[in-house]
Amino acid sequence: MRPPPAREEGFLGRRLLGLDAGALEAAAVGKARGLRWAHVTVSQPLPSIPLFPNGPRPKLGYKSRARHLLAQASSPPRLPASDSTVAELGAAEMEGDAAGAGDGGGGGGGGDRSSIVIGLIENRAKEVGVAAFDLRSASLHLSQYIETSCSYHNTKTLLHFYDPMVAIVPPNKTAADGMVGVSELVGKHLPANKKITMARGCFDDTKGAVMVKNLSARDPSALGLDTYCKQYYLCLAAASATIKWIESERGVIITNHSLSVTFNGSFDHMNIDSTRTRLLRANLLQPLKDIQTINTRLDCLDELMSNEELFFGLTQGLRKFPKESDKVLCHFCFKPKKDTDKVLKPANGRKSQGLISDIIVLKTALDAIPFLSKVLRGAKSFLLRNIYQTICENPKYASMRKRIGDVIDEDVVHSRAPFVACTQQCFAIKAGIDGLLDVARRSFCDTSEAVHNLANKYREDFKLPNLKIPYNNRLGFYFIIPQKDITERLPNKFIQVVRHGKNVHCSSLELASPNNLFLSEASNMVLVMGPNMSGKSTYLQQICLIVILAQIGCYVPAQFASLRVVDRIFTRIGTGDNVENNSSTFMTEMKETAFIMQNVSSKYYGSLIVVDELGRATSTSDGLAIAWSCCEYLLSTEAYTVFATHMESLSELATIYPNVKILHFEVDLRNDRLDFKFRLKDGVRKVSHYGLLLAKVAGLPSSVIDTATSITSRITEQEMVRKDDNCQQYQSLQMAYQVTQRLICLKQSNQGDDYIREALQNLKDGYAAGRLT
């Protein structure tokens with residue numbers, strides 16, 4: 001009979017405590033059944049056995065306990081070979097640490113891509129120093145040992161265990177004659193691209209000792225560096241080269257006092273043969289030989305098994321720590337090595353979302369500490385008392401909670417459900433800190449409400465009471481309908497129908513907000529207008545993706561698509577300077593635009609040009625002049641151009657050039673709030689002073705807003721007069737171009753003769769009446 005498997009818990013609860021809630025649950029099951037769980041499995045696998053099922057547990061010393069466990073395993077059944085070489089002393093701490101290894105801390109057989117960088121160096125006394133840096137958990141494992149075989153069997157075992165992404169070695173062999181040497185060993189057992197050779201000077205034990213002391217989250221004296229610094233100089237030299245490579249290759253600086261450092265000499269652990277296919281997890285590969293540490297852990301287990309309140313309280317407390325805590329804490333251990341262009345740019349949506357998510361995880365972990373403190377306050381064992389003093393009573397954690405509480409809402413908690421997590425991230429920052437964020441939240445609420453209202457409408461209209469509308473990060477919102485509710489055929493309203501087990505997954509045009517686009521030789525430029533957050537940038541990206549999908553031979557997400565082949569796609573999207581190239585935001589804009597102008601194709605195929613704003617990084621008059629002249633230049637080519645802009649003055653192009661089409665994203669104004677519809681409409685649709693509305697929400701004084709409103713009204717009035725004059729002057733040319741465009745479409749149409757004859761007659765009548773519909 002085996003206890004249930006342990007579940008992974010968070011960094012503060014698992015790594016710092018060294019305990020695991022799942023393991024405590026396992027022990028709880030045994031306790032409820034009158035059993036005590038513990039087992040030891042060494043080279044010959046033995047089963048997990050229930051101990052002392054009848055009567056009280058005998059009084060045993062620490063050494064006698066292990067002997068008693070082995071003595072109970074008489075005539076054990078064989079376990080699979082893959083379960084061999086495991087040594088479990090109690091069900092609590094080791095399982096908790098093993099869960100950490102499953103997150104990437106070690107080469108264990110989790111199947112994840114390795115995140116470990118390992119440095120190795122030897123001397124002529126057959127000693128080997130190893131530094132293993134786990135990038136995923138921000139931990140550094142140092143060890144030094146004597147190689148007992150000429151083939152470097154122990155080092156080969158470590159390489160097999162860690163399965164590093166990179167192994168760093170010195171260029172020349174320094175081992176004794178007749179020994180393989182670490183450089184040759186790495187070359188034989190790892191692919192060539194994983195072997196990194198660094199100069200012997202990079203393996204500096206003095207610098208390594210300083211680095212480890214500065215970076216370790218623990219006190220140097222607790223690591224034993226003061227005592228063993230000279231004796232274990234090889235692993236410190238390996239650490240120096242490893243850290244130097246990471247900071248150089250990754251372009252980061254590891255922040256001080258952020259690493260979990262373990263410093264183990266060969267006398268601290270026993271060696272286990274690791275020839276099986278399944279790799280042992282990090283803390284089980286080298287079980288402890290130090291009696292004092294083993295006894296300390298057994299004291300902790302004794303207290304947990306004898307104190308039910310402490311036992312179940314600790315189980316409940318560890319559940320409060322998010323599983324992602326260790327990975328999130330690792331993110332805060334690295335900072336950019338220098339101020340690069342990428343670092344200085346404003347965070348994009350995805351990056352901001354990730355940062356807020358990390359802060360929420362950190363907040364949730366910190367919020368769990370007071371409960372943990374309450375549980376451990378009366379603990380008597382040295383291990384639990386030490387945890388209480390170093391973690392629960394540490395004032396730094398309270399200070400961190402206070403700083404986070406100044407910005408993050410108190411009710412926000414970490415969630416793994418996609419839509420709940422998205423909602424939590426949206427409302428994590430307190431209201432009033434950022435006016436634009438408050439506006440975006442209103443839009444988010446309106447959109448979410450509209451989606452759920454649509455679901456309720458479908459439930460009533462189509463008699464689908466069990467219709468659900470889940471959300472995930474890949475698909476967004478979609479419908480789930482049980483097949484038992486579909487009596488005949490699914491209504492045509494639903495699209496993208498996919499059967500999934502006993503359910504049908506689908507969407508609808510109302511949910512997906514499809515938007516059309518028409519470009520031709522007679523209408524080769526589209527200006528897309530609309531306020532911020534109305535959907536312009538997403539629409540432009542959608543156009544590029546559809547063209548790419550079509551030209552690699554894939555279906556495209558559209559009801560109908562007829563595309564000409566383009567030879568190149570040019571995009572000018574986003575704003576931001578380039579410090580490394582000494583380019584301001586405007587200069588970067590101009591360089592990108594110049595590249596498009598110089599390389600736009602004049603071939604038959606033509607190019608597709610997508611521009612998301614142009615000329616906004618300089619003065620208003622210069623920016624408008626540049627955008628206007630660039631549009632005129634592109635109109636003279638055969639390229640198809642989609643140009644998104646906030647400059648309403650550019651809409652005058654359509655009054656002069658008949659091959660320019662104006663589109664806008666529909667937005668309603670209700671009670672001084674923008675209601676985004678995300679639907680594309682023809683023509684210019686002015687949302688009166690939407691920029692001023694955002695400025696008002698952001699907190700500009702009312703007198704400033706009133707003055708700005710008066711000024712923009714006068715400017716708008718002058719523009720309208722100029723547009724009316726252009727419309728009258730170029731009306732005949734506009735009519736001729738519209739007729740030409742429709743004739744080209746009819747020429748390329750595959751409709752029947754009767755349809756074309758009727759369309760030509762309607763075109764003739766409309767032209768004669770002076771209006772084309």
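Source: prediction; values computed, not measured.
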For [X] against [Y], the heavy-atom pair lying closest together:
| X | Y | result |
| --- | --- | --- |
| A237 | I121 | CB-CG2, 4.5 Å |
| V328 | D358 | CG1-O, 3.4 Å |
| K363 | I404 | CB-CG2, 4.0 Å |
| R200 | P170 | CD-CB, 4.2 Å |
| L142 | V212 | CD1-CG2, 4.1 Å |
| L190 | A167 | CD1-CB, 3.6 Å |

Residues two or more places apart in sequence or in another chain: which of them pass side-chain contact (heavy atoms from CB on, under 4.5 Å) with V166?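 V166: side-chain contact (heavy atoms from CB on, under 4.5 Å) contacts with V117, I168, I196, W245.
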Quickly, which of L120, V128, L159 forms a side chain to side chain contact (heavy atoms under 4.5 Å, CB included) with L185? Name it, please.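 Exactly one pass, corresponding to L159.
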So, applying side chain to side chain contact (heavy atoms under 4.5 Å, CB included) with Y162, which one of I116, D134, T157 is it?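 Answer after filtering I116, D134, T157: I116.
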With a 4.0 Å cut-off on N to O distance, would you call D163 and K194 a salt bridge? yes
By side chain to side chain donor-acceptor pair (under 3.5 Å), which residues pair with K195, not counting sequence neighbours? S183
Determine, step by step, whether V186 and I118 satisfy the side-chain contact (heavy atoms from CB on, under 4.5 Å) criterion, reporting the C-alpha distance in whole Å, the side-chain angles of both residues, the deciding distance to 0.1 Å, and the verdict. CA-CA 11 Å; V186 169; I118 187 171; over 6 Å; no
Just so I know, are the side chains of L384 and L304 near enough to count as touching, which here means a heavy-atom distance under 4.5 Å? yes
